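Report on one structure; see the data block that follows.
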Amino acid sequence: MIRESIITTLSKAGEVHIAPMGVIWRDDMPVLAPFRPSRTLDNLREHPVAVISHTEDVRVFAGCLTGRRDWPVKPASVVRGVVLEGAHFHQEVEVDAVEEDATRPRFRCRVVHEALHGPFRGFNRAQAAVIEAAILVSRLELLPMEKIEREMDYLRIAVEKTAGPREQEAWGWLATRVAEFRAEKGR
Ligand SMILES: Cc1cc2nc3c(=O)[nH]c(=O)nc-3n(C[C@H](O)[C@H](O)[C@H](O)COP(=O)(O)O)c2cc1C
């Protein structure tokens, strides 16, 4: 089971880094799998602790992929780390072991604290569509442009039918990024 979450890590110097990441859940054990190279990977090696924040504000996912990483955070309760403000649930984790891998090492973690801050308000198709579009944007260099445009066209239907203002804003950032990428590549 993979849950798309917001991962906050700290460098050795204490600088905060925020990144969307799919957390692999092996029963109750979260596994973080950052690709090489990435800031999250470096931070987990320097300071083997992370906070997993669960939010329905999909602007954080879209924002991190489009250069908007400055989201408000507050100190974690147990680990030296930070929690995303507005998260409805968060989990503080420590790294127990690392499975080394040439492209994507896996950090097996242990939850040392978790806290609920607000209710689950139900599924929204536009939120799911924004997360899918954010994944497409994270793979702009890897996927064919036709596939990206075809999938964006499909995902746009859910956004047009079901989005609120936050989902519309997030979608706008991602659609602009795809258009800019297309213009840069002259395709
Ligand atoms: C929903 C979602 C899930 C993602 N999951 C992962 C992941 O599991 N591992 C990873 O390395 N990047 C993942 N990414 C891409 C990272 O968020 C992005 O590349 C990020 O910049 C990681 O690099 P950084 O730590 O240097 O910021 C995901 C992106 C999205 C939108």
Side-chain angles (χ1 to χ4, degrees), residues 1-26 29-71 73 81-84 86-91 93 95 97-109 123-143 147-148 151-152 154-156 158-159 163 166-167 169-178 180-181:
M1 172 76 163
I2 294 181
R3 293 186 188 278
E4 307 306 338
S5 311
I6 301 299
I7 305 303
T8 40
T9 52
L10 296 188
S11 67
K12 201 191 281 177
E15 293 145 318
V16 173
H17 186 73
I18 305 181
M21 223 155 260
V23 180
I24 305 158
W25 285 88
R26 294 184 189 158
M29 184 179 73
V31 179
L32 303 176
F35 283 100
R36 289 177 198 266
S38 67
R39 184 72 248 171
T40 303
L41 175 62
D42 294 346
N43 283 359
L44 285 172
R45 292 204 195 281
E46 288 176 18
H47 178 58
V49 151
V51 177
I52 305 171
S53 294
H54 303 275
T55 179
E56 60 183 49
D57 187 349
V58 289
R59 293 177 306 172
V60 185
F61 290 84
C64 288
L65 270 291
T66 55
R68 299 166 175 88
R69 284 188 185 263
D70 203 11
W71 297 95
V73 293
V82 298
V83 181
L84 182 72
H88 68 92
F89 180 55
H90 89 269
Q91 294 161 308
V93 307
V95 176
V98 186
E99 296 168 18
E100 290 299 347
D101 184 86
T103 51
R104 203 176 180 191
R106 279 163 174 73
F107 292 77
R108 296 207 303 257
C109 301
F123 296 111
N124 170 252
R125 291 175 59 206
Q127 288 168 358
V130 166
I131 288 173
E132 290 303 321
I135 289 175
L136 289 174
V137 164
S138 77
R139 297 181 185 158
L140 280 176
E141 298 282 355
L142 304 173
L143 297 173
K147 178 178 165 68
I148 291 169
E151 298 200 4
M152 291 292 283
Y154 177 70
L155 294 168
R156 188 177 293 108
V159 174
R166 294 193 305 197
E167 292 76 26
E169 187 174 22
W171 180 266
W173 296 340
L174 295 168
T176 301
R177 179 70 196 111
V178 171
E180 283 169 359
F181 181 81

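This is a predicted model, so every value here is computed, not measured. Values below: all heavy atoms of this structure, side chains included; hydrogens, waters and symmetry mates excluded. Note that ligands are numbered from 1 as they come in the structure, with each ligand's atoms numbered from 1 the same way.
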**Asked** Of Val73, Val51, Ile6, which meets side-chain contact (heavy atoms from CB on, under 4.5 Å) against Val83?
**Response** Val51

**Prompt:** Passes side-chain contact (heavy atoms from CB on, under 4.5 Å), Arg106 versus Arg26? Steps please.
**Reply:** CA-CA 12 Å; Arg106 279 163 174 73; Arg26 294 184 189 158; 4.0 Å; yes

**Asked** At what distance, to the nearest 0.5 angstrom, does CH2 of Trp173 lie from CG of Leu65?
**Response** 11.5 Å

**Asked** With hydrogens left out, which residues have an atom under 4.0 Å from ligand 1, given that only heavy atoms count?
**Response** Glu4, His17, Pro20, Met21, Gly22, Ala33, Pro34, Phe35, Ser38, Arg39, Thr40, Leu65, Arg69, Arg104, Ile131, Ala134, Ile135

**Message:** Going by the rule side chain to side chain donor-acceptor pair (under 3.5 Å), which residues pair with Ser11 if we only count those two or more places apart in sequence or in a different chain?
**Reply:** Glu15

**Asked** Do Arg68 and Thr66 have side-chain atoms, one donor and one acceptor, less than 3.5 Å apart?
**Response** yes

**Request:** Could you pull out the closest heavy-atom pair between Met152 and Ala133, with the gap in Å?
**Result:** SD-CB, 3.8 Å

